[in-house]
Amino acid sequence: MKNSKAILSLAVASALIVSAPMISFADNGKGNDDKVKEPVKQERIKEEKIKLTEETEVKEEKIKTNEEGKVKEKDIAWKEAKHKLEAEKDIVELQKDELEVQKDELEKQYEEAEESGDVELAEQIKAQLQEVEAQRLELKAEMKGLLLQMKEVTKNRYSIEELEELQNIGEELAEVDEEVTVIPVENIVVKNKDIKFDTPPVIKQGRTLIPVRALTQGFGAVLEWVPEEQKVTITKGDVEIILHIDSNMALVNGQEVQIEVPSALYSNRTYVPLRFIIENLGLEIDYDNETDTIEIDEETDEDEEAEDTDEEITEDNNQDDEEDTDDVEDTSSDDEAASEDDTNAEDDITEEIDDTAEETVTQE
């Protein structure tokens, strides 16, 4: 019996001795697995972070691309709308000019018929004049509508934030200089050019001042500013204009020229007299008092040739254009000048015809 217990104890002890290394080995194996799995886990986390970053960058790039695409699409739509209105206005203006030439010719014929005593012919010509004048007034009203649309399109060029910023700057300018009156940016329409103001144009002492950089860059002129001398130089083709801040003297191709309102610094921008710059750069300017719109355009060689050819016929029209240009500089006489353009005539006969035509249009 004792021998059996001894044998059993010996067997249990042997089993414990044999199993101990195996348990230890199993524990060691589990610890090694944990050490191996830890780097793998960290690597996966790193990969997930990289993947997430890449996905975020892709999403941000898509958003940026979409925003740029929207801006570009809006810009294209704006230009198309602007060019379409400009083309329509050109056609209407050409038709109006042709009617004015026709009107001048009929007036001469009417005078000749009156002088010759041909009453019947004079009455026929008078009826034709009334019809032509009625058509001219209709085209004039159509041009006004197109010009208002062009102003709206010009305003749409700016975002709501930009318009608010322009308004804030305008209020600051008015506080700095009480003589300054701010002009809405849409009141300046530049034909066939993409011009955008970051500070609003103003009127001072009856003269329009405009931020020089936007205008010169829009028309391809080179602008140089020397802060030490408070001097701005504008160069376009063979024309060089030099102005000094707060000086009534300017240099045009080296020759001194006096200007009524000097250049000024507003909101860290150089403002220059609009009419002075426009005339010396060879550009055209027209003012419409009914819509308070200043139109700026480049004068072409074809326009100059047409003016020379029709010099006698368009002499009175050229005088009207000069009055319109003066209106840009002196807004107080806008209504008076416009009234003179529309109602003045060479003699009592033309006045009678114009009045009759206007009544006919009003009735229609």
Completion exercise
Contacts satisfying salt bridge (charged side-chain N to carboxylate O under 4.0 Å, His left out) that involve residues 174-184 (not counting sequence neighbours) are D177-K204
Handout entry: Nearest heavy atoms of L99 and V132, plus distance in Å
Key = O-CG1, 3.5 Å
Exercise for the section: Answer yes or no: is there an ion pair linking E100 with K140, defined by an N-O contact shorter than 4.0 Å? Expected result: no
Exercise for the section: Heavy atoms only: give me the nearest V239-N280 pair and the separation to one decimal. Expected result: CG1-O, 3.3 Å
Exercise for the section: Please test E295 against K191 for salt bridge (charged side-chain N to carboxylate O under 4.0 Å, His left out), starting from the C-alpha separation and ending with a verdict. Expected result: CA-CA 7 Å; E295 291 185 89; K191 186 177 178 183; over 6 Å; no
Exercise for the section: Compare every heavy atom of T154 with every heavy atom of E186, then report the nearest pair and how far apart it is. Expected result: CA-CG2, 3.9 Å
Practice task
Could you tell me whether a side-chain N or O of S247 sits under 3.5 Å from a main-chain N or O of M249, the two making a donor and an acceptor?
Solution key: yes
Problem - Cluster link V180 to L265, ILVMFWY, side chain under 4.5 Å - result: no
Exercise for the section: Answer yes or no: are there more than 12 heavy-atom neighbours, outside E260 itself, under 6.0 Å from its atom CD? Expected result: no
Handout entry: Check: D118 side chain, A113 main-chain N or O, donor-acceptor pair, under 3.5 Å
Key = no
Practice task
Verify salt bridge (charged side-chain N to carboxylate O under 4.0 Å, His left out) between D198 and R269, making sure each step is shown before the conclusion.
Solution key: CA-CA 9 Å; D198 57 1; R269 296 291 186 275; 2.9 Å; yes
Handout entry: Cluster link I169 to V182, ILVMFWY, side chain under 4.5 Å
Key = yes
Handout entry: Heavy-atom neighbours of K196 NZ exceed 12 at 6.0 Å
Key = yes
Problem - salt bridge (Lys or Arg N to Asp or Glu O under 4.0 Å) involving R157 - partner list, sequence neighbours excluded - result: D75, D194
Exercise for the section: Check whether any side-chain N or O of E162 sits under 3.5 Å from a backbone N or O of S159 as a donor-acceptor pair, and report yes or no. Expected result: yes
Practice task
Starting from the C-alpha separation in whole Å, work towards a yes-or-no answer on side chain to side chain contact (heavy atoms under 4.5 Å, CB included) for V226 and T233.
Solution key: CA-CA 8 Å; V226 182; T233 302; 5.9 Å; no
Handout entry: Inter-residue atom distance I183.CD1 - T208.OG1, 0.5 Å rounding
Key = 4.5 Å
Problem - Under 3.5 Å donor-acceptor, Y266 side chain and E172 backbone - result: no
Exercise for the section: Report yes or no: does W78 contribute a side-chain atom to a donor-acceptor pair with the main-chain N or O of V153 at less than 3.5 Å? Expected result: yes
Practice task
Supply the atom-to-atom distance E112 CD to E107 CD, rounded to the nearest 0.5 angstrom.
Solution key: 12.5 Å
Handout entry: Rounded distance (nearest 0.5 Å) linking atom CG of D288 with atom OG1 of T291
Key = 3.5 Å
Practice task
Taking only Lys NZ, Arg NE, NH1 and NH2, and the carboxylate oxygens of Asp or Glu, determine whether E86 and K82 approach each other closer than 4.0 Å.
Solution key: yes
Problem - Pairwise distance OG1(T216) to CD1(I234) - rounded to 0.5 angstrom - result: 6.0 Å
Exercise for the section: Measure from the side-chain N and O atoms of N187 to the backbone N and O of D292, and report whether any donor-acceptor pair falls under 3.5 Å. Expected result: yes
Exercise for the section: Provide the closest heavy-atom pair for L243 versus S263 in the form atom of the first, atom of the second, distance. Expected result: CD2-OG, 3.4 Å
Exercise for the section: Hey, could you give me the CD/CG distance between E161 and L166, rounded to the nearest 0.5 Å? Expected result: 11.5 Å
Exercise for the section: Verify, without hydrogens or angle tests, whether E80 (side chain) and A77 (backbone) share a donor-acceptor contact under 3.5 angstrom. Expected result: no
Completion exercise
The reported gap from CD1 in I195 to CG in L215 (rounded to nearest 0.5 angstrom) is 5.5 Å
Handout entry: NZ/NE/NH1/NH2 to OD/OE distance under 4.0 Å, E93 and K96
Key = no
Exercise for the section: Decide whether W225 and F276 are clustered together by the hydrophobic rule: side chain heavy atoms of Ile, Leu, Val, Met, Phe, Trp, Tyr closer than 4.5 Å, transitively. Expected result: yes
